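Notes follow the structure.
In the text below, chain A, chain B and the rest are named by the order of the sequence lines, each starting its count at 1. Because the structure is predicted, anything quoted here is derived from the model rather than measured.
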Amino acid sequence: MKKKLNTLLCLILLALSVLIGCAKDTPKTETTWDLTILTDRLLNEISYTDSLSEMSPDLMSYLFPDINPTDVAEQYIYISTGSTAEELAVFRAVDDAAAERIEEGLSARIEMQMESFTDYVPLEVKRLEDAVLKRQGTCVILSVSGEPDKAKEIMK
Amino acid sequence: MKETAMTRRRTLDYRTYRRRRRLFLCIAIPLIILILLAAAGLFLYSQGKLGPGTTDATQEEPNTDTYDTVIDEEEEITVPVELEEAETNPSELPETVPEQQENDPETPVIETETDNSEPATDPVADPVTDQAETEPEIVETEEPFTFENTLFIGDSRTEGLLLNTGLTEATFFAVRGLAVDNIHYKEFIRSGEEKLSVMDALKTDSWRKIYIMLGVNELGWQSEEKFIEAYREVIQCIRERQPEAEIIIQSILPVTKAKSDGDAIYNNPKIYRYNELLVLMAAEEEVTYADLVPAVADENGDLPAEGASDGVHLTKSYYQKWLEYLIANEL
């Protein structure tokens with residue numbers, strides 16, 4: 001009898017641990033960066049020449065044609081009115097491989113912007129050369145501003 | 001005798017076993033079910049399918065700044081006849097348009113539709129009177145204004161229109177520095193792996209309406225005649241590629257007073273001179289000219305200081321005004 005009870009208890013414990021294990025599977029991809037806080041800091045602690053506006057996720061393919069939207073789990077994109085190259089793009093990818101692809105897409109975006117600003121406002125090319133592009137786990141951030149060192153400091 | 005005693009004892013053991021087993025089944029099985037149900041509940045709760053997790057859908061409400069919201073609200077507005085007439089006389093627009101825009105999206109016509117459905121369920125209301133009150137508005141409502149199957153061609157300010165209004169319903173061939181000369185060869189439009197110029201991209205699809213805004217990057221040109229002839233050539237090339245499309249030339253938007261006063265190239269007298277030439281050229285080419293100055297300018301014809309951070313590129317709210325003006329005037 002005692003043996004049966006023990007077996008039963010073991011089975012219950014096993015079922016419970018499996019269920020709890022599954023439930024905790026979702027936040028496995030979390031990284032050390034809190035993207036909302038980081039975005040907020042990068043927006044407010046850096047001085048921008050132009051005003052930055054939040055972009056709708058619907059504009060992803062237009063702004064970042066080299067990034068596959070299915071790679072993106074979370075995003076915060078802020079772009080200037082068009083007079084400067086200033087921008088902030090914060091992404092959380094679905095996994096590490098996707099984060100790598102997003103990083104490549106953001107590099108392509110910098111190249112694209114450099115091309116368009118070279119003949120238009122050459123002074124903005126400097127900001128693009130100093131752009132801070134950083135990846136940590138599944139998070140990727142691009143900051144184009146006049147204060148790249150401050151951006152790096154915030155991302156630490 | 002000994003055998004009988006043993007048999008009795010066995011029977012007794014068996015009865016005890018049966019009793020314990022019954023007791024076990026009565027207590028243990030409901031207990032197991034209870035524990036499993038609790039575990040399943042915990043699992044679902046942690047996955048967000050129960051309790052507070054269900055609010056996820058409401059958290060993902062659409063961005064109220066996007067164009068979609070605007071068009072949904074504006075779709076119901078019936079544009080009065082005066083506005084259509086004003087298209088040929090832009091000076092009348094400032095009076096009529098704000099009135100139109102003042103129509104709070106939450107009010108009139110949407111309410112009318114609701115009212116219209118009420119008589120069927122409300123026995124007290126007079127269906128004939130109610131219908132008579134609301135019918136004219138509904139009958140006169142034409143197909144809702146939409147930007148579907150339209151194309152915007154322009155420079156950084158047109159690009160700003162897309163980015164700041166979220167007008168993804170339309171196609172945009174817009175890039176920083178686009179002008180009436182480089183529009184023929186500047187390759188920036190993605191088509192698979194390659195990049196196309198506007199003129200090549202125009203061959204890839206068809207549009208019912210094409211909006212163009214060019215000219216601000218050409219303000220420094222030596223000859224205004226060259227500018228207008230180059231613009232005319234652009235119109236002709238577009239027409240060749242899109243013979244069915246309605247072509248709309250949008251006026252060049254003014255710059256701020258500070259910018260205008262301090263810049264030998266980007267100034268409003270020059271912009272207005274270019275716009276005058278565009279009006280004539282549009283008439284000659286039989287295309288629509290849309291005067292957008294009333295949409296963004298103050299009473300002196302300047303872009304207000306808050307309308308552009310650098311004096312030229314509009315701020316988000318001014319891009320919104322531009323879009324609202326197009327919608328209100330059904331341009």
**OP:** Please test Tyr120(A) against Ser156(B) for side-chain hydrogen bond (donor to acceptor under 3.5 Å, both in side chains), starting from the C-alpha separation and ending with a verdict.
**Re:** CA-CA 10 Å; Tyr120(A) 190 68; Ser156(B) 53; 3.2 Å; yes
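- Of all the heavy atoms in Leu163(B) and Leu63(A), the pair that sits closest is CD2-CD2, 3.7 Å.
- Using a 4.0 Å cut-off between charged side-chain N and carboxylate O, Asp119(A) and Lys186(B) make no salt bridge.
- Between chain A and the residues Arg176(B), Arg157(B), Glu159(B), Arg190(B), the most heavy-atom pairs under 4.5 angstrom are made by Arg176(B).
- Annotation for Gln222(B): atom CD does not count as buried by contact number, only 12 or fewer foreign heavy atoms lying within 6.0 Å.
- Glu187(B) CD: more than 12 foreign heavy atoms inside a 6.0 Å radius.
- With a threshold of 4.5 angstrom between heavy atoms, Tyr319(B) approaches chain A through side-chain atoms but not through N, CA, C or O.
- Counting heavy-atom neighbours within 6.0 Å of Lys134(A) NZ, excluding the residue itself, gives a total above 12.
- Atoms CG and OG, from Leu178(B) and Ser116(A) in turn, are 11.5 Å apart once rounded to the nearest 0.5 Å.
- Residues of residues 141-156 of chain A lying under 4.5 angstrom from chain B, judged on non-hydrogen atoms, do not exist.
- Taken to the nearest 0.5 Å, the OG1 atom of Thr81(A) stands 11.5 Å off from the NZ atom of Lys316(B).
- Of the atoms belonging to Ala174(B), heavy atoms from both backbone and side chain fall under 4.5 Å from chain A.
- Interface remark: Ser53(A) contributes side-chain atoms only to the contact with chain B (heavy atom separation under 4.5 Å).
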**OP:** Give the intermediate values and the outcome of side-chain hydrogen bond (donor to acceptor under 3.5 Å, both in side chains) for residues Ser309(B) and Asp50(A).
**Re:** CA-CA 6 Å; Ser309(B) 57; Asp50(A) 198 2; 2.4 Å; yes
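- Within the model, atoms CG of Leu162(B) and CG of Leu59(A) stand 5.0 Å from one another, a figure rounded to the nearest 0.5 Å.
- Between Tyr62(A) and Phe172(B) the shortest heavy-atom distance is CE1-O, 4.3 Å.
- Taking the side chain as every heavy atom from C-beta outward, Asn164(B) and Met55(A) approach each other to under 4.5 Å.
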